[in-house]
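This report refers to the structure that appears directly beneath it.
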Amino acid sequence: MTKKTDSENALPPAGEKKRPPQLWKKGQSGNPAGRTPGTSKAHELREKIRDCVPDLIAKLMEQAKGGDVGAARLLLERVLPAIKPVELPQAIMLPSDGNLTEKGHALLQAAADGEIPAAHAASLMTALGSLAKVAEVDELARRVAALEDSATKK
């Protein structure tokens with residue numbers, strides 16, 4: 001009887017299931033003589049439906065012309081892509097020399113005044129928050145460099 005190592009006996013991390021040992025090499029099929037492609041029940045059903053597609057479309061068109069809104073909608077959804085809203089860019093006046101807080105206030109005011117949609121303001125505020133984090137990291141890096149310079153001069 002072989003003795004298991006600690007890593008084999010260890011419990012998996014929370015949320016993961018312990019996997020059984022793999023019986024074949026990575027990249028190698030576990031069943032090389034498996035099912036032949038194209039022999040599944042789903043494939044057979046697709047083939048039967050494929051043969052009937054012209055008749056189905058003709059019937060749907062007939063029903064749509066007869067006033068069936070569901071049939072018309074189904075046909076139109078498959079032929080015409082959904083129209084997606086397009087938001088045009090809008091210029092906003094932000095204080096160029098102001099700090100991030102002033103720029104945030106300007107964004108909120110622009111949304112409150114109806115100059116920009118609330119979704120745009122929210123997106124821009126998120127970007128402003130990310131910019132604040134980047135500026136904070138830059139400031140910390142500058143301070144660390146200054147401390148290192150002063151330490152080497154002593």
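In this text the structure is predicted, and so the values were computed from the model without any measurement.
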request  = Tell me, with the steps shown, if L60 and D68 meet side-chain contact (heavy atoms from CB on, under 4.5 Å).
outcome  = CA-CA 9 Å; L60 274 172; D68 186 343; over 6 Å; no
remark   = Rounding to 0.5 Å, atoms CD (E44) and CD1 (I49) come to a distance of 12.0 Å
key: Straight-line distance of D51 CG to R46 CZ, nearest 0.5 Å   = 14.0 Å
request  = Look only at the side chain of D113 and the backbone of E115, and say whether a donor-acceptor pair between them is shorter than 3.5 Å.
outcome  = no
ask   = Under the side chain to side chain contact (heavy atoms under 4.5 Å, CB included) test, which residues partner A106, sequence neighbours left out?
value = L94, P95
ask   = Would you say T152's side chain and E148's backbone share a donor-acceptor pair under 3.5 angstrom?
value = yes
remark   = Rounded to the nearest 0.5 Å, the CE atom of M125 sits from the CG atom of L128 at a distance of 6.0 Å
key: Cluster check L45, V53: I/L/V/M/F/W/Y, side chain < 4.5 angstrom   = yes
Backbone N/O of N99 and side chain of E102: donor-acceptor pair under 3.5 Å = yes
query = Hey, mind stepping through M61 and I57 against side-chain contact (heavy atoms from CB on, under 4.5 Å) and telling me if it holds?
reply = CA-CA 6 Å; M61 287 177 58; I57 291 174; 3.9 Å; yes
task = Could you grab the distance from atom NZ of K133 to atom CG of D138, nearest 0.5 Å is fine?
result = 14.5 Å
key: Under the salt bridge (Lys or Arg N to Asp or Glu O under 4.0 Å) test, residues paired with E136 that sit two or more places apart   = none
query = Once you round to the nearest 0.5 Å, how far does NE2 of H120 lie from CG of L107?
reply = 12.0 Å
task = Go through the structure and list residues passing side chain to side chain contact (heavy atoms under 4.5 Å, CB included) with E47, not counting sequence neighbours.
result = H43, R50
